[in-house]
2 protein chains.
Amino acid sequence: MGTESSYTVDSTETSLTILETLIESNDPVGVTAIAESVEVSKSVVHNHLSTLCNQGYVVHRDDQYEPALETLTLGSRTRARLPVYRNGRKQIDTLAAATDRAATLFVLEETNIVPVYIAEPTDGWSPEFFEGEPLPLYTNAPGKAIMASLPPEEVTALLDNISLTEITEATITDREELDLYIENIRDEEIVFSKGEHYNGIVGVAAAIAPSERNRAAAIAVHGRSDRLNGRHLSEDIAGQVLSIANSIRADLT
Amino acid sequence: MGTESSYTVDSTETSLTILETLIESNDPVGVTAIAESVEVSKSVVHNHLSTLCNQGYVVHRDDQYEPALETLTLGSRTRARLPVYRNGRKQIDTLAAATDRAATLFVLEETNIVPVYIAEPTDGWSPEFFEGEPLPLYTNAPGKAIMASLPPEEVTALLDNISLTEITEATITDREELDLYIENIRDEEIVFSKGEHYNGIVGVAAAIAPSERNRAAAIAVHGRSDRLNGRHLSEDIAGQVLSIANSIRADLT
DNA sequence: TAAACCTGTTCATTCGTGCAGAACAACGAC
DNA sequence: GTCGTTGTTCTGCACGAATGAACAGGTTTA
């Protein structure tokens, strides 16, 4: 893991940086603005944008540039490789509909979990994170559920490669405390979290343990703590999360 | 439109080609295989892969490379810019649930339509196309519905930039015939298609006309012709497509 | 056991190309 | 009209990306 190679291609990096800049700025943007933001000359930005346009990842209109919708292919085809997504997606939809809260499917990748599919409630709060945005393992319910579903030696291997930094006041930043916590939830089927990544947001998660051909995954329901609490959270919601998790597990044969 | 610039960055192109190669091969793949496929030397492939790994778009395990789930961020954040997606997504879900067929939201980009959100039926056939994969305007119902919703001069501007090639026997390849067809459906609210892009697949579509701040879009229901036909198609399904289209239009204020 | 053949990775060298910066063109504001 | 902008083009130079061979592992073959 993590053997950072020194031989890299600089121009690819700047191209990707430019593309990311386009995506982060939520409106069409011009060459000079990008040049200032990325700190390269205008002509360079122009060349990279032309390249990205030719490849179909950027569109050009009225001296302004925007990320192209074709960027969706990369991700949609990548996640379509995951059996847990292909089989589990509809179950996430029903989980969101049944609980009327945001339901998400997470998959372990490297030392992070990545939300692979987010089903939003018909109305109300939706998660701040995006599909594809890596999240740390230790600041949320699905991450902890996944860790508890892995063999202990794999967990230590993962945790040895990351540092525990505080996101909110509720984040566990002490390694021993975290190890102990994971041991304690090892026999549980459901993991709760309260505001360890986003203040005022609670979550219920259940892991889908890895197998021969499937990566470690987890499903979760998130919501604002004022609308998701008490027995409703710990019994109703948790029960539904658990039953959907079992159902997805069963479908993976 | 289409002023292809000659000043481009070659290494960016090869990086993206390598990434696309990884995505198309549905399994983890090694350096030499990519080198053969892209026709560059192994060391070059290695350097580009290292770069893509560092940027988070490729993951490296056991001498094998795979596209990273983080590729999802690009597309998910790009489509989140579209008001029609943010407001219409749930409606597409209900359309798919109500008809128990695949329902899709398309958006016009350059001279293509791009599926931005696909809701699959609880069981049964799902479209062959991926979210983000550009489709020609003239081979399917949503494309034609969009053209019929645009001012005629814009349609001719679009069609002047593409060539009509035959995909299946049902594809309209004659420009005059296509122009006439579009004129004929101009007053209709619903457009049908039968196997013009995929054999044996029929579709019903309704356009969401462009406005000041929203691009031209369309919604559609697709299915296999043996299970989607006759009065069921032309009345039941069409009616639901229409009512959802109206609802999305209304939500866009 | 050892040699032949796979991998993926590293390395020096050389050639090509991506880069900066200035000049250009096209538009808008004052 | 002129001075701001903008995006685009162009040229020379220097840096860096590509080459192709050598290296380090592992697995198969004799």
Side-chain angles (χ1 to χ4, degrees), chain A residues 1-68 110 161, chain B residues 1-68 110 161:
Chain A
M1 192 166 294
T3 36
E4 283 81 27
S5 180
S6 42
Y7 287 79
T8 60
V9 183
D10 289 356
S11 22
T12 297
E13 284 178 20
T14 61
S15 273
L16 292 174
T17 306
I18 288 172
L19 179 57
E20 289 162 5
T21 306
L22 284 184
I23 286 173
E24 271 155 34
S25 89
N26 286 315
D27 291 295
V29 60
V31 173
T32 39
I34 302 172
E36 287 168 10
S37 164
V38 185
E39 290 181 333
V40 287
S41 67
K42 282 197 302 175
S43 56
V44 172
V45 173
H46 177 81
N47 294 342
H48 283 266
L49 285 173
S50 302
T51 312
L52 291 168
C53 283
N54 290 340
Q55 302 292 327
Y57 296 113
V58 167
V59 291
H60 181 184
R61 246 197 72 182
D62 297 337
D63 284 348
Q64 301 270 289
Y65 293 86
E66 238 185 322
E110 315 259 61
N161 281 317
Chain B
M1 193 168 290
T3 35
E4 283 79 27
S5 180
S6 41
Y7 288 79
T8 59
V9 183
D10 289 356
S11 25
T12 296
E13 283 178 21
T14 60
S15 273
L16 291 174
T17 306
I18 289 172
L19 179 57
E20 288 162 6
T21 306
L22 284 184
I23 286 172
E24 271 155 34
S25 89
N26 286 314
D27 291 294
V29 61
V31 173
T32 40
I34 301 172
E36 287 167 10
S37 163
V38 185
E39 290 180 334
V40 288
S41 64
K42 283 196 301 176
S43 55
V44 172
V45 173
H46 177 81
N47 294 343
H48 283 265
L49 284 173
S50 302
T51 313
L52 290 168
C53 283
N54 289 342
Q55 302 293 330
Y57 295 113
V58 166
V59 291
H60 182 185
R61 246 196 73 180
D62 298 337
D63 285 348
Q64 302 270 288
Y65 292 86
E66 239 184 321
E110 315 259 61
N161 280 318

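Below, chains carry the letters A, B, ... as their sequence lines are ordered, and counting in each starts from 1. Values below: all heavy atoms of this structure, side chains included; hydrogens, waters and symmetry mates excluded.
Side-chain N/O atoms of B:H46 include one lying less than 4.0 angstrom from OP1 or OP2 on C:dT9. Look at A:Y65 and you'll find a side-chain N or O under 4.0 angstrom from OP1 or OP2 of D:dT8. Between A:H48 and C:dC19 there is a side-chain N or O to OP1 or OP2 distance below 4.0 Å. When the side-chain nitrogen and oxygen atoms of A:Y7 are compared with OP1 and OP2 of C:dC11, one or more of them lie within a distance under 4.0 Å.
Using a 4.0 Å cutoff on non-hydrogen atoms, the parts of residues 27-43 of chain A near DNA chain D are A:G30, A:V31, A:T32, A:K42, A:S43, ordered by number.
Nearest-nucleotide positions on DNA chain D place A:D63 closer to the 5' end than the other of A:D63 and B:T14.
With sequence neighbours left out, A:T14 forms a side chain to side chain donor-acceptor pair (under 3.5 Å) with A:H48. Remark: B:S11 pairs with A:S11 by the side chain to side chain donor-acceptor pair (under 3.5 Å) rule, at least two apart or across chains. For B:S43, the side chain to side chain contact (heavy atoms under 4.5 Å, CB included) partners two or more places apart in sequence, or in a different chain, are B:S41. The side chain to side chain contact (heavy atoms under 4.5 Å, CB included) check on B:V31 picks up B:K42, B:V45, B:L49, B:Y65, with sequence neighbours excluded. Shown here are the salt bridge (Lys or Arg N to Asp or Glu O under 4.0 Å) partners of A:E66, two or more places apart in sequence or in another chain: B:R81.
When the local axes at the two ends of the helix from C:dG8-D:dC23 to C:dC30-D:dG1 are compared, using 5 base pairs at each end, they differ in direction by 50° after rounding to 10°.
Pairs of residues two or more places apart, or lying in two chains, never qualify as side-chain hydrogen bond (donor to acceptor under 3.5 Å, both in side chains) while including a residue from residues 21-37 of chain B.
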